[in-house]
Structures are given as structure tokens and as C-alpha cells.
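In what follows, a single structure is set out as C-alpha cells and then discussed.
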Amino acid sequence: MENQNSRLAMTFIIGTDSYGDTVFTTKSFQNVKGEAADVDLVQFVQSFVSLQSLELDSATRTNQYGII
């Protein structure tokens with residue numbers, strides 16, 4: 001589809017707060033090519049996570065399409 005951009009966000013667990021609730025941090029990548037296949041993004045996330053000491057909670061892709 002034309003005029004498509006994507007955003008990739010990875011949420012990591014950084015620990016717990018004084019109440020025992022999980023604390024998260026997010027790393028985002030803007031302007032991911034819309035043509036990028038999900039399998040390629042999964043491979044990127046797996047590679048990126050292997051370089052981190054934090055535990056991955058989730059990874060999401062948000063697509064943005066031009067309508068005009």
C-alpha cells in the first residue's frame with residue numbers, strides 16, 4: 001500500500017516499584033518502511049533483544065496509512 005509507514009515499539013521490564021508493580025521502559029523505532037515484512041521485524045526484535053540485559057515484555061508494530 002502506498003504512503004505507509006510503521007512504528008516498532010519494544011517494551012522491556014526494568015524491575016518493580018516499591019509497591020511490587022512491574023516497571024516498564026519502551027524503545028521505539030519511527031519511520032519503519034511499510035513494506036517491511038512482519039517476519040523481518042520479528043527477526044530484528046530477536047536480534048535487538050539478544051543485545052539487551054532487560055527482559056522483553058512485548059513488541060508491537062503500528063502501521064500508518066495515507067488516505068488522501
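The first residue of the sequence shown is numbered 1, and numbering continues consecutively from there. Every heavy atom of this structure was used, including side-chain atoms; hydrogens, water molecules and symmetry mates were not.
Thr11 and Asp57 share no donor-acceptor pair across their side chains, judged by distance under 3.5 Å alone. Residues Arg7 and Asn5 have side chains that never bring a donor and an acceptor to within less than 3.5 angstrom of each other.
Phe24 and Val45 end up in different hydrophobic clusters when Ile, Leu, Val, Met, Phe, Trp and Tyr side chains are linked at under 4.5 Å. Phe12 and Val42 are assigned to two separate hydrophobic clusters, defined by single-linkage of ILVMFWY side chains at heavy-atom distances under 4.5 Å. By the rule that hydrophobic residues join a cluster once side-chain heavy atoms approach within less than 4.5 Å of another member, Phe48 and Ile14 end up as members of one cluster.
In this structure, Glu55 places its CD atom where only 12 or fewer heavy-atom neighbours from other residues, nucleotides or ligands lie under 6.0 Å away. Atom CD of Gln52 has more than 12 heavy atoms from other residues, nucleotides or ligands within 6.0 Å.
Nearest approach of Thr16 to Val23, heavy atoms of both residues: C-CG2, 3.8 Å. Nearest heavy-atom pair across Val32 and Ala36 is CG1-CB, 4.3 Å.
Atom CE of residue Met10 and atom OG1 of residue Thr26 lie 10.0 Å apart, to the nearest 0.5 angstrom. To the nearest 0.5 Å, the span separating OG on Ser6 from CG on Asn31 amounts to 10.0 Å. One finds the CD1 atom of Ile13 at 12.0 Å from the OG1 atom of Thr25 (value rounded to the nearest 0.5 Å). Separating the NZ atom in Lys33 from the CG atom in Asp40 is a distance of 11.5 Å, to the nearest 0.5 Å. Atom OG1 of residue Thr60 and atom CG of residue Leu8 lie 7.0 Å apart, to the nearest 0.5 angstrom. Note that the OG atom of Ser50 and the CD atom of Gln46 stand 9.0 Å from one another [nearest 0.5 Å].
The aromatic rings of Phe44 and Phe29 sit perpendicular to each other, their planes meeting at more than 60°, with 30° as the lower class boundary.
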